[in-house]
Number of protein chains: 2
Amino acid sequence: MHPLDATRALMEGLGSESSICMKCGSRSVGLCAPLDAAALDDMSGESERLAFDQRDAIFRQGDAARHVYTLTEGMARLTRVLPDGRQAVIGFRFAGDILGFTPEAEHAFGAEMLTRGTVCRLDRRRLEQMFRRYPVMERRFLDLCVKELSASQDHILALGRFSAEERVAAFLVSLAEAQERRGHVGPVFDLPTTRADIGEFLGLTLETVSRAVSSFRKRGWIRLHGHSGIELSDRNALACLAAGEGADAA
Amino acid sequence: MHPLDATRALMEGLGSESSICMKCGSRSVGLCAPLDAAALDDMSGESERLAFDQRDAIFRQGDAARHVYTLTEGMARLTRVLPDGRQAVIGFRFAGDILGFTPEAEHAFGAEMLTRGTVCRLDRRRLEQMFRRYPVMERRFLDLCVKELSASQDHILALGRFSAEERVAAFLVSLAEAQERRGHVGPVFDLPTTRADIGEFLGLTLETVSRAVSSFRKRGWIRLHGHSGIELSDRNALACLAAGEGADAA
DNA sequence: ACGCATGTTTGCTCTGGATCAAGAAGAAAC
DNA sequence: GTTTCTTCTTGATCCAGAGCAAACATGCGT
């Protein structure tokens, strides 16, 4: 399961040279990966690069959807506000992920940075033009959407049928995989989300998330390094719990 | 919210003459709607029409994804089996909906008929050819995917933050809307799903679904007609509850 | 019409996670 | 360094919904 990492599949289809979008300016964005040199050249003039601080909103729910964004550095949170004022986190996004693409006139959710970072912004009408000029790019979007849909369905399963600890374990493993896929090495990962964010994503309260994390810590499965570092010492145990295989080591 | 009705948006964009796919043989499928006469002609030879009985599987999780299906009559259920054997219903589909489109080699979920019905089957490689010949069709798929993604996110919100009664109310309203969008008139709707199906879709047990339904019945919001007929007598009350506006009529 | 299978309702108990409350630990500001 | 703010942890209680069990419908096959 990879509920928070929609581009996993996008990456898989690519050679390693374009595996992560570390240099949007040098035109190796995930989105642009299938384009040849000429097309990339065409594309390059169309996009702007923007820097954001922690907590800055990239776009807000209800904003006119005039742009499409590629997150080039950092981590972001996607949030949706319900009519009654409750807020929910519907996902997290990392470097290389595409944000805010929709055929609708308005963004159905907002995106906020969890860390400082940079974003590559493209005018939507220009993107549509690019689609017409380079159909392979539209195909890429379609594949990505189907993958993301599949990830959403995994998340739906998790919310509907998994216990609190199973969900938190799945989240941690998923987070680690997402960071590794983007070149992270070593057992200590960034955890730039608050307990409240995780809770709102997993359909739990922040206290329940905290209790699950404490429980993992007491079992020796994880170690915390300050407020934003986490070490998965027994990743296998977490993965087993996440897969619903509570106790099968006899 | 319309968690179980992914083609809602597909329909909205169309003139009424092609609003529902009642005659796949006569080439008015939702999928084919944006095609002109020549393209439709091209398409018609490529598809097969199949009839299914209640409970028949259209395809199973893990099957090679060699075909794409359009449900032309009846209602189907999409299910996914978890590694530990638990089953979850991830959605319902109606006439006009597309089933089983994926860039993967295997179907990630299974589809079973809840009623008798018919399905229009298209070879996936032929569909890819059609995409190349008629790019507008690929665009249609993309739009549909984005819409479906948005519906999934709604469902994620519902699972994460709504109470049992709110979820059941939302489901009933959504079901009614889906049937009306397909030409249904009158206050009595088909409810071909069992309580267990609804529960597995909403992340609840069948008993909890039954209790919610009974509670609505006692409040006079719905009436049951046999096991598969339901009348929404006070649809507004259900809709308010579904929207999280528990009590705001002062 | 009868019997059987499948699905539904309802009652009861129990538990996982929500909720409320208080403190502890980091991080940032001065 | 100290203060202050935010986030995290932990404890205690409560309740929505799960789980179990026992009738109760509905509809199908014969």
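Convention: sequence-line order gives letters A, B, ...; per-chain numbering from 1.
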Rounded to the Å, how far apart are B/Glu200 CD and D/dG17 C1'? 16 Å
Taking any heavy-atom pair under 4.0 Å as a contact, classify A/Arg161: base, sugar-phosphate, or nothing. nothing
For B/Leu206 and C/dG11, what is the distance between atoms CG and P respectively, to the nearest whole Å? 16 Å
Is A/Leu224 touching bases, backbone alone, or none of the nucleic acid, heavy atoms closer than 4.0 Å? sugar-phosphate
Nearest-angstrom distance from the residue atom CD of A/Gln54 to P of C/dA27: 12 Å
Starting at atom CD1 of A/Ile222, determine the distance to atom C1' of D/dT9, rounded to an integer number of angstrom. 13 Å
From the list C/dA18, D/dT7, D/dG17, which nucleotide is the closest neighbour of the side chain of A/Thr208? C/dA18
As a test of reading the structure: which of D/dA12, D/dT7, D/dG19 is closest to the side chain of B/Arg211, going by heavy atoms? D/dG19
Kindly state whether the ring of A/Phe92 and the ring of A/Phe171 have centres lying under 6.0 angstrom apart. yes
Would you mind classifying the nucleic acid contact of B/Gly203 as base, sugar-phosphate or nothing, using non-hydrogen atoms under 4.0 angstrom? sugar-phosphate
Any base atoms under 4.0 Å from B/Arg55, or only sugar-phosphate, or nothing? Heavy atoms, all strands. sugar-phosphate
Whole-Å distance, B/Glu165 CD to D/dC15 P, equals 17 Å
What's the verdict on side chain to side chain contact (heavy atoms under 4.5 Å, CB included) for A/Arg80 and A/Gln61, showing C-alpha distance, side-chain angles and the deciding distance? CA-CA 7 Å; A/Arg80 200 155 183 171; A/Gln61 180 172 345; 4.0 Å; yes
Remember a base hit wins even if backbone is also touched, and classify B/Thr205 as base, sugar-phosphate or nothing at under 4.0 Å, heavy atoms. sugar-phosphate
Hydrogens and angles aside, do B/Thr118 and B/Glu73 bring a side-chain donor and acceptor to less than 3.5 Å of each other? yes
Of all the nucleotides listed (D/dT6, D/dC8, C/dG17), which has the minimum atom distance to the side chain of A/Arg195? D/dC8
Which residue lies more 5' along DNA chain C, comparing B/Ser210 with A/His227 via nearest heavy atoms: B/Ser210
Round to a whole Å and report the spacing from CD1 of A/Ile198 to C1' of D/dT7. 12 Å
Quick one: the side chain of A/Glu207 and the base of D/dC8, do they pair up donor-acceptor inside 3.5 Å? no
Integer-rounded Å distance: D/dA25 C1' and B/Leu191 CG: 15 Å
Tell me whether the side-chain N/O atoms of A/Ser214 come closer than 4.0 Å to OP1 or OP2 in D/dC8. no
Mind calculating the distance between CZ (B/Arg223) and C1' (C/dT8) to the nearest angstrom? 19 Å
Counting the atoms with a prime plus P, OP1 and OP2 as sugar-phosphate, which does A/Leu204 contact under 4.0 Å by heavy atoms, base, sugar-phosphate, or nothing? sugar-phosphate
I'd like to know whether the aromatic ring centres of A/Phe59 and A/His67 sit less than 6.0 Å apart in this structure. no
Counting the atoms with a prime plus P, OP1 and OP2 as sugar-phosphate, which does A/Arg217 contact under 4.0 Å by heavy atoms, base, sugar-phosphate, or nothing? sugar-phosphate
Are B/Arg211 and B/Ser215 linked by a side-chain donor-acceptor pair shorter than 3.5 Å? no
Does a donor on one side chain sit under 3.5 Å from an acceptor on the other, for A/Thr79 and A/Glu112? yes
